[in-house]
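Below: one structure, written as structure tokens.
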Amino acid sequence: CETCSKEEAKYRCPRCMKYSCSLLCVKKHKLALSCNGVRDRTAFVSVNDFTDLNLLSDYRFLEDVGRAADAAARHPIMHSPATKKLLYCLRNKARKCNIDLRTLPVGFTKRRENSTTFNFMEKKFYWHLKLVFPHCHAEYTLKGVPDDKTLADILKPYIDPVESDPVVCQRLKIYTASPQSDVQILMKIENRKQNSVRYNELDASRSLLDNLKGKVIIEYPILFVVLKTLKNDMVVLGQ
């Protein structure tokens, strides 16, 4: 037993392959290693180690994926008149602002996360927005961002040396230490071939709405904040 090292092992964890002798040791190893005991069906298996059991496991995994997709398609929310009306309204309002807003089927993560709304009294969008800082491997999700707010104001709580949160500032130190002129805001261009990924450069001095005009948005905008002086593989359209 790899937990108590006293008794002969009787069980092997499907997840981490640890040997245990009893239920008590099984529970201890799960607690110590934060292991859920469920076999990882997507774990990498080399070609030399691939067996018929692995093939059967993959086949059953694909069957489960098919059942999950079918269940999502049959979900009552998918066919709810209120949901359809809300999505139609969002797309229609976005179209009037020259934004091609597209929504995903129920079950997709971005569809589930999206909290974008349109305020009819104020006649403006409140966007669900994701900020990605690739140089620090950090992501932040914002909710209810008004469309008339400039990108510079949106980024202030994150990369401004004075106004940013101390904890966030420490994590994004490479950004706060760089001059503002070095910061570049990019957004991926949708509907391109997988091997031809390009990004649009956005204007930090203009509003979120102005920057989104004429672009395709799938569920909600994802903005990549990069530094011009650091090498990255994000190719801006026109380069």
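Start at 1 with the first residue, then count along the sequence. Side-chain atoms are counted along with the backbone in the values below, which use heavy atoms only and exclude waters and symmetry mates. Bear in mind that the values here come from a model prediction, so they are computed numbers and not experimental data.
Between Ser20 and Val26, the shortest heavy-atom distance links the atoms CB-CG2, 3.7 Å. In terms of heavy atoms, Phe120 sits closest to Lys93 at CE2-CE, 3.7 Å. Closest approach of Cys4 and Cys21 over heavy atoms only: SG-SG, 3.8 Å. Residue Asn211 comes nearest to Asp203 through the heavy atom pair OD1-N, 2.8 Å, listed as atom of the first residue, atom of the second, then distance.
Counting non-hydrogen atoms of other residues, nucleotides and ligands closer than 6.0 Å to CD of Glu7 gives a total of 12 or fewer. More than 12 non-hydrogen atoms from other residues, nucleotides or ligands lie less than 6.0 angstrom from OH of Tyr126.
With hydrophobic clusters built from ILVMFWY side chains whose heavy atoms lie under 4.5 angstrom apart, Leu86 does not share a cluster with Leu104.
Between Leu202 and the choices Leu223, Leu186, Leu212, the side-chain contact (heavy atoms from CB on, under 4.5 Å) rule is met once, by Leu223. Partner Glu219 forms a salt bridge (charged side-chain N to carboxylate O under 4.0 Å, His left out) with one of Lys130, Arg102, Arg111, Arg112 and no other, that one being Arg111.
In summary, the side chains of Asn54 and Thr51 do present a donor paired with an acceptor at a separation below 3.5 Å, with no hydrogens or angles considered.
Relative ring orientation between Phe125 and Trp127 is described as parallel, the plane-to-plane angle staying below 30° on a 0-90° scale split at 30° and 60°. Classified by interplanar angle (parallel below 30°, tilted 30° to 60°, perpendicular above 60°), the ring pair Phe224/Tyr199 is perpendicular.
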>> With side chain to side chain donor-acceptor pair (under 3.5 Å) as the criterion, how do Thr116 and Asn114 come out once you've worked through the C-alpha distance, each side chain's angles and the decisive distance to 0.1 Å?
In response: CA-CA 6 Å; Thr116 301; Asn114 195 2; 2.8 Å; yes
> side chain to side chain donor-acceptor pair (under 3.5 Å) between Thr117 and Asn119: does it pass, once the steps are laid out?
Replying inline: CA-CA 7 Å; Thr117 58; Asn119 190 307; over 6 Å; no
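Here the straight-line distance linking atom CD of Glu201 with atom NZ of Lys228 works out to 5.5 Å at 0.5 Å rounding.
Note on Asp153 versus Lys156: salt bridge recorded, some NZ/NE/NH1/NH2 to OD/OE distance being below 4.0 Å.
Looking only at side-chain heavy atoms (C-beta outward), Ile159 and Phe133 come within less than 4.5 Å of each other.
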